[in-house]
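Input: a single structure, listed below in structure tokens.
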There are 2 protein chains.
Amino acid sequence: MGKSTNEVRGRVSDFLAAKGVRLTAQRSCLIDIVFSTTRHFTADELLDMARRKDPEISRATVYRTLPLLVESGMLKEMDFGEGRKLYDPNYATNPHHNHLICTDCGRIVEFEDAVMERRVDDIATSLGYIPINKSVQIKGACRTLRDSGTCANKNNSQSSKTNRANTASLKAAKRRTLK
Amino acid sequence: MGKSTNEVRGRVSDFLAAKGVRLTAQRSCLIDIVFSTTRHFTADELLDMARRKDPEISRATVYRTLPLLVESGMLKEMDFGEGRKLYDPNYATNPHHNHLICTDCGRIVEFEDAVMERRVDDIATSLGYIPINKSVQIKGACRTLRDSGTCANKNNSQSSKTNRANTASLKAAKRRTLK
DNA sequence: TTCCCTGCAAAGGGTTTGCACCCCA
DNA sequence: TGGGGTGCAAACCCTTTGCAGGGAA
């Protein structure tokens, strides 16, 4: 299965060491926070979380650390065209998932599909490129909401700004992966 | 095949009429420019192009018109995570294409693939959603550049900010579409 | 006349950066 | 002690918005 939180932290530390940058208290704090959650977060949300541990940490440090984590390959930067970046720590353990965003409630569902993954690779190859980074984003309307008028997520997650993926969604998506 | 430029303009006009908004001189000017090119462009680039025809046109009008064109379904808004939005007029004539971005030169290659399209729809359906909008973005490294050290695009298109898709790329991609 | 639309300029929101200070190696 | 790292605040960039003037219905 996926990597454990500790293993992920170790890998990031190794990456920073290899790159010759120091593992400072602030960076360590940020790494701990980032990889102890499965939630997607914005830079600002990470700052909030970090300040609960270390009230002195600055916004600049957060913005300077995030690209390091992304470069390490353990954190994924995403852009759903909402004017800010979202970060997904689940790539550390599940590097092949993609996202479906509900147009009704903004909920983000993670899914994995090996067939699609392969197809996308084949397309890149046939175009003469070596695939480096693939992003499949689906915006979809909740069928349950259409059919029955209610949606489990609609109730508690109207504000798309604060919606998060949850662990269950990825597991469920894997289970449902098409044959 | 695809719709002609005039047909696209007609559709947009119809959309605006149905929506009850006026086809002003400024909007007409912008529509002409947007749909007489196959290039991707930013809001700012559209402003530049528009001012060559009408030096009085304002940035605000451009920013207010773009969402109308997107809403009409004839123009696609894209976000490659570069801090600004790109607009793709080719969706008017080819609504099912996606994009590969070269990590070497920033070139954007358009491609269509029915198999992948279907797969993505199936995934959305199996997750319980009605697919509304699908975006597949591939970042890839130019194999020619890797193999031979040169790349036709590398020479004339280093600045990713000004790179554009060309008509040929879409046609070529269709030809190469996987069976 | 009414109401939509425009241009101007200022405001907004996310992100980056210059600079002085700090601190570990 | 040298050079990276941090915090602060200002700068940046793209985009949105308030407002007064203007023009089509």
Side-chain angles (χ1 to χ4, degrees), chain A residues 12-13 15-33 40-72 75 77-87 159-162, chain B residues 12-13 15-33 40-72 75 77-87 159-162:
Chain A
V12 175
S13 300
F15 170 82
L16 295 181
K19 195 178 165 68
V21 304
R22 293 177 199 156
L23 182 58
T24 62
Q26 291 90 338
R27 284 176 183 159
S28 182
C29 168
L30 289 170
I31 291 167
D32 282 353
I33 292 168
H40 300 154
F41 56 84
T42 63
D44 206 58
E45 287 166 348
L46 176 56
L47 177 63
D48 282 348
M49 294 187 279
R51 283 195 168 153
R52 272 174 231 142
K53 279 195 174 187
D54 172 7
E56 302 299 301
I57 205 161
S58 77
R59 170 170 273 105
T61 296
V62 169
Y63 274 103
R64 285 176 183 128
T65 301
L66 281 169
L68 289 174
L69 304 188
V70 170
E71 197 188 341
S72 81
L75 183 66
E77 184 180 281
M78 308 187 300
D79 199 321
F80 295 147
E82 296 163 322
R84 67 195 195 292
K85 287 170 180 162
L86 272 187
Y87 295 89
S159 88
S160 67
K161 292 222 169 192
T162 52
Chain B
V12 176
S13 300
F15 170 81
L16 294 181
K19 195 178 165 66
V21 303
R22 292 177 200 156
L23 183 58
T24 63
Q26 289 90 338
R27 283 175 183 160
S28 182
C29 169
L30 290 169
I31 291 168
D32 282 353
I33 292 168
H40 300 155
F41 56 84
T42 64
D44 207 58
E45 287 166 350
L46 177 56
L47 177 63
D48 282 348
M49 294 187 278
R51 282 195 167 152
R52 271 174 232 141
K53 278 195 172 186
D54 171 6
E56 303 298 302
I57 205 162
S58 79
R59 171 169 272 104
T61 296
V62 168
Y63 273 103
R64 285 177 184 129
T65 302
L66 281 169
L68 288 175
L69 304 188
V70 170
E71 197 188 341
S72 80
L75 183 67
E77 184 180 282
M78 308 187 300
D79 199 321
F80 295 146
E82 295 163 323
R84 67 194 195 294
K85 286 170 181 162
L86 272 187
Y87 295 89
S159 87
S160 67
K161 293 221 171 194
T162 52

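The shown structure was predicted, so the numbers you read here are calculated from the model rather than taken from an experiment.
Although no hydrogens or angles enter the test, the distance criterion places a donor-acceptor pair under 3.5 Å between the side chain of A/Ser72 and the main chain of A/Leu69. Distance alone, capped at 3.5 Å, places no donor-acceptor pair between the B/Arg59 side chain and the B/Leu47 backbone.
For A/Glu56, the salt bridge (Lys or Arg N to Asp or Glu O under 4.0 Å) criterion is met by no residue, not counting sequence neighbours. Partners of A/Thr24 according to the side chain to side chain donor-acceptor pair (under 3.5 Å) rule, which considers only residues two or more places apart in sequence or in another chain, do not exist here.
For the atom pair CG (A/Asp54) and CD1 (A/Ile33), the distance works out to 8.5 Å, reported to the nearest 0.5 Å.
Sequence order on DNA chain C of the closest nucleotides to B/Arg51 and B/Leu23 puts B/Leu23 first from the 5' end.
The phosphate of D/dT6 (OP1 or OP2) has no side-chain N or O of A/Ser58 nearer than 4.0 angstrom. Distances shown here put a side-chain N or O of A/Thr61 below 4.0 Å from the OP1 or OP2 atom of D/dG7.
Between the C1' atom of C/dG14 and the CG atom of A/Leu66 lies a distance of 13 Å, rounded to the nearest Å. Per the geometry, CD belonging to B/Glu82 stands 16 Å off C1' belonging to C/dG14, to the nearest Å. Distance, B/Leu68 CG to D/dT16 P: 12 Å, rounded to whole Å. Between the CG atom of B/Leu16 and the P atom of D/dA24 there is a distance of 17 Å, given to the nearest Å. Between A/Glu45 atom CD and C/dG14 atom P there is a gap of 10 Å when expressed in whole angstrom units. Spacing between atom CG of B/Leu47 and atom P of C/dC8 amounts to 10 Å, rounded to whole angstrom units. Protein atom CD of B/Glu56 is 16 Å distant from nucleotide atom C1' of C/dA9, rounded to whole Å. Taking atom NZ of B/Lys19 as the reference point, atom C1' of C/dC4 lies 13 Å away to the nearest angstrom.
Nearest heavy-atom pair, A/Ala43 versus A/Val62, reported as atom, atom and distance to 0.1 Å: O-CG1, 3.6 Å.
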Checklist entry - Reading nucleotides 15-25 of chain C 5' to 3', which nucleotides get B (base under 4.0 Å from a protein heavy atom), which S (sugar-phosphate only), which -? => result BBBBB----B-
Checklist entry - Step by step, would you call B/Leu66 with B/Tyr87 a side-chain contact (heavy atoms from CB on, under 4.5 Å)? => result CA-CA 9 Å; B/Leu66 281 169; B/Tyr87 295 89; 3.7 Å; yes
